[in-house]
Structure formats: structure tokens, C-alpha cells
2 protein chains.
Amino acid sequence: MGITVSSSSRETILTAARRAAQAHGYNGLNFRDLAEEVGIKAASVYYYFPSKADLGAAVARRYWEDTKADLDVIRVENPDPLMSLRRYPEIFRRSLENGNRLCLCSFMSAEHDDLPEAVKREVQIFTDVNVAWLDTVISAINGTSLSSSGRARAIFAAISGAQLMARSRSDIALFDEIIESYREAGLLG
Amino acid sequence: MGITVSSSSRETILTAARRAAQAHGYNGLNFRDLAEEVGIKAASVYYYFPSKADLGAAVARRYWEDTKADLDVIRVENPDPLMSLRRYPEIFRRSLENGNRLCLCSFMSAEHDDLPEAVKREVQIFTDVNVAWLDTVISAINGTSLSSSGRARAIFAAISGAQLMARSRSDIALFDEIIESYREAGLLG
DNA sequence: ATCCATCTACCATGTGGCAGGTAGATGGAT
DNA sequence: ATCCATCTACCTGCCACATGGTAGATGGAT
């Protein structure tokens, strides 16, 4: 369990690919531009990822893994589940802060019809991870340990939509405003 | 002011392009496949639309025009604004019913960074049309004629998100479930 | 000497777009 | 009524470029 000191090429590719996919989608992701940003030649990317589908799946997988880790940090930092829920929108806000980027999996959800199976699978897991986390948090708030998954899905969908809208206007304040409306309406804690 | 009896080629192209763009986005839209579906050659499409950007803009424009018309029908059929609001989600549900298609402008919002200016403009108008309609309806419900636009934007974003999520699972029931959650939470009338 | 990481040099296919042509309809001048 | 110019609604054929992907060489580290 050693620490990987330098970000290997594989990691650099993965990071650059994530950035690109968040901006241009799976379809808009291409080896030439990706390689150039990393500082290697396109053919070299194939050394790490045998096909575009493999790269896409790896990117999506890493994406939900990272998000899951972020979510777990929120829960650890906030024993009070209501505070955890309050901080949930941060996850989506950060993408906007970070170069007005969309949630990778929102973009890929839109591209659903053209996605290789392996990629589709990872994208689905992203949703599952989010809904499961929300479900747990909401259940803890309610006391009941049953089926708050309906509410969880609604929150996830609503915040995804807010991010999509805010990003198309390049307007983080709009995101905050919509989230505030959700709070006022009582959708969030 | 005569009636255009048969749907001209231009109309057929527009319709097919809308279908394609809803499934594959602006990026995934291409002249070869489009022309084949219409039953003409790719070059012939240029007779009606001088460039892909023009076609994309025309499709997006027609899309918000049609949506605006649908929204107006709802208002005419429902003098009670609360009933109008209640029926709003239908607009997005119909896309799912109709071949599990996404709102054209949701897809294009995701592709925002790669869109020609002319297309971007039309996509923005789609949002404006929806928010304006919601704003009017909500104001009528509240009695106040002021700034319910915050709530309007929230509703639009939330329903967009619900559609995106439901479509990525090809599950209309999921859409209905999320909308129901919005109602329970009090986001919708 | 071998392995690893990366390179050069390709290829097949797909794409937006352009040049130029053409059968048939239209419509005014004679 | 006929001729001619023009327009409509397509077509064939092509180009330049981008794309995913492959084969084989190169050179440094061990």
C-alpha cells in the first residue's frame, strides 16, 4: 500500500481525459488533443488504454470513485446528517468553480445512446453512488431507515439539472440561486 | 398566408435533424445519416441549410417555437394557473414517451462549449421561453406579479434533471416518481 | 540483453463542405 | 404556341481534415 509519488503518465492521461470529457463529452473526447495536452503522442495513449471505450470506462470509474471519496469526507466531517445533506450541493458546485465544467456523468447520460456498454455501466454507478449516499443521509435525518430513495433520486436529479442550467449560462450565482430555491421549497434539508 | 400542404423537404430534414440531435446531440448530428433518413443525398441538404451551424440553429429555433406553442395550448386549455403548472412536466415526459428522447436543449446545453454562436443563442431562448412561461403561471398563482423567476428557474432545472436521469435509465416511471417527489416536497404546485 | 515507455509512420473510415452538372417546372416575350 | 432564360431540387464526385487504431522502430534504464 505504498504511495504513488509521481503521477504516472497513466494518471496524467486519466486526469486530462476527465477534463476533456467534462467539457466535450465522450464523443468529443479524442486521442490527438488528449495526447497533446499530456505532452505525448496519440499512439502512446494506447499503451495504457487499449481502446477509447476502455479509456472512457476508466475515466468514468475514477470519477465515481473520487466522488464517493468526497462524499465520505463530508459524512466524516459532519456527524450530523442534516449538515451533510446541506453540504451535498458543493460536490456539483466545485465543477462549476473549476472551469465551468459539467458533471462528467451528466454529460455522458445525455450521450447514453452512443456509449459503449462498459462506459454506460460506470456512468450508472455514479448515479447509484450518489443516490445511495443521499439515501443513507436522509434516512438518518428521518430516523426511519426505509425507502427515502425516492427523495434521494429527486435531489440528485434536481441538482444535476441546476448544474446543467448554470453551466450553460456560465453563472455560478445561478446555481446557488436555484439551490436556495430548492431549500425554500423544502426539497433539501 | 396559405397553408403548406405537404411537408416540404426542408421540413422533413428539420424533423429528422431534431430527432437525431435529441438522440446524439449537435456533435453527433451528421449530414450523411441525416440525408439517408430523409431519402436524399448529403449534398442536397446544403441546398436548404448552408452549413451545419445553420441547420443546428434552425432545429433549435423550431424546437423552442414548438415548445412555446405547446405551452400556450396548456394555458388556453387551463384557465386555472395551478392546473397549468400541474401539467408542465408533460412537456418533458412526452420526449421520453417518444423514443426515450432527451430535451434537445438539455443535450445542447451540455455541448455548450462546442456550439456555434447562432446555435447557442437559440438554445438559450428555449430556457427563456420556459422560465418566462413558468414565471407567468406562478405569478398568477401567487397573486403577486413580482419575481417568481427564482422559483421558475428552479422548476425548470429540476424537471430537466429528472428527464436526464430517467432517460439514462430508459425508465419513464422513474421520471414520474421524481416529479411526484417534487410535488411532495412542494417544489411544484 | 532486456524491458519499458514512447516514438514515427501509417491506414481506413467518417466528416463538413465545395464545384459543377442536370432533369424538369415556370413564366415571360415573341 | 413556342422559344428561351431562369429557377427548383436534387445529383455525382471530390477534397481536406479529423478520427480510432495498428505495426514496428528507438533509446534509455536496469
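Here is the naming used below: chain letters follow the sequence lines, and residue numbers restart at 1 for every chain.
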> Taking atom P of dA9(D) as reference, at what distance in whole Å does atom CD1 of Ile13(B) sit?
Replying inline: 11 Å
> Other hydrophobic cluster members with Val73(B), side-chain heavy atoms of Ile/Leu/Val/Met/Phe/Trp/Tyr under 4.5 Å, chained?
Replying inline: none
> Can a salt bridge be assigned to the pair Arg93(A) and Glu97(A) using a cut-off of 4.0 Å between side-chain N and carboxylate O?
Replying inline: yes
> How long is the gap from CG on Leu104(A) to CZ on Arg18(A), to the nearest 0.5 Å?
Replying inline: 8.0 Å
> Leu34(B) CG to dG16(C) C1': how many Å, rounded?
Replying inline: 13 Å
> Do you know the tightest heavy-atom contact between Asp135(B) and Ala152(B)?
Replying inline: N-CB, 3.8 Å
> For nucleotides 24-30 of chain D, read 5' to 3', which letter fits each nucleotide if B means a protein heavy atom sits under 4.0 Å from the base, S means only the sugar-phosphate is that close, and - means neither?
Replying inline: -------
>> Can you see if the side chain of Ser44(B) gets near the phosphate of dA9(D) - specifically, an N or O under 4.0 Å from OP1 or OP2?
In response: no
> What pattern of brackets, bars and dots sums up DNA chain C from 5' to 3', given Watson-Crick or G-U wobble pairs under 3.5 Å, [ ] for crossing pairs and | for another strand?
Replying inline: ||||||||||||||||||||||||||||||
>> Looking at Arg121(B) and Glu117(B), is any side-chain nitrogen of the basic one under 4.0 Å from a carboxylate oxygen of the acidic one?
In response: no
>> On a heavy-atom basis, which atom in Ser109(B) and which in Ser168(A) lie closest, and how many Å separate them?
In response: OG-CB, 3.7 Å
> At what distance, to the nearest 0.5 angstrom, does CZ of Arg167(B) lie from NE2 of His112(A)?
Replying inline: 7.0 Å
> So, the side chain of Glu111(A) versus the backbone of Asn27(A): is there a donor-acceptor pair under 3.5 Å, distance only?
Replying inline: yes
>> What is the separation between atom CG on Asp114(B) and atom C1' on dA18(D), rounded to the nearest whole Å?
In response: 14 Å
> Can the ring centres of Phe175(A) and Phe92(A) be said to be less than 6.0 Å apart?
Replying inline: no
>> Using a 4.0 Å cut-off on heavy atoms, which residues in residues 19-33 of chain B reach DNA chain C? List them by number, or say none.
In response: Leu29(B), Asn30(B), Phe31(B), Arg32(B)
> Which ILVMFWY residues can you reach from Leu102(B) by hopping between side chains whose heavy atoms are under 4.5 Å apart?
Replying inline: Phe107(B), Leu164(B)
> Heavy atom of residues 45-54 of chain B under 4.0 Å from DNA chain D: which residues?
Replying inline: Tyr47(B), Tyr48(B)
> Are Arg19(A) and Asp33(A) close enough for a salt bridge, meaning some N to O gap below 4.0 Å?
Replying inline: no
>> Looking at Glu65(B) and Arg61(B), is there a salt bridge between them, counting it only when a charged N and a carboxylate O are closer than 4.0 Å?
In response: yes
> So does Glu11(A) pair up with Arg62(A), basic N to acidic O under 4.0 Å?
Replying inline: yes
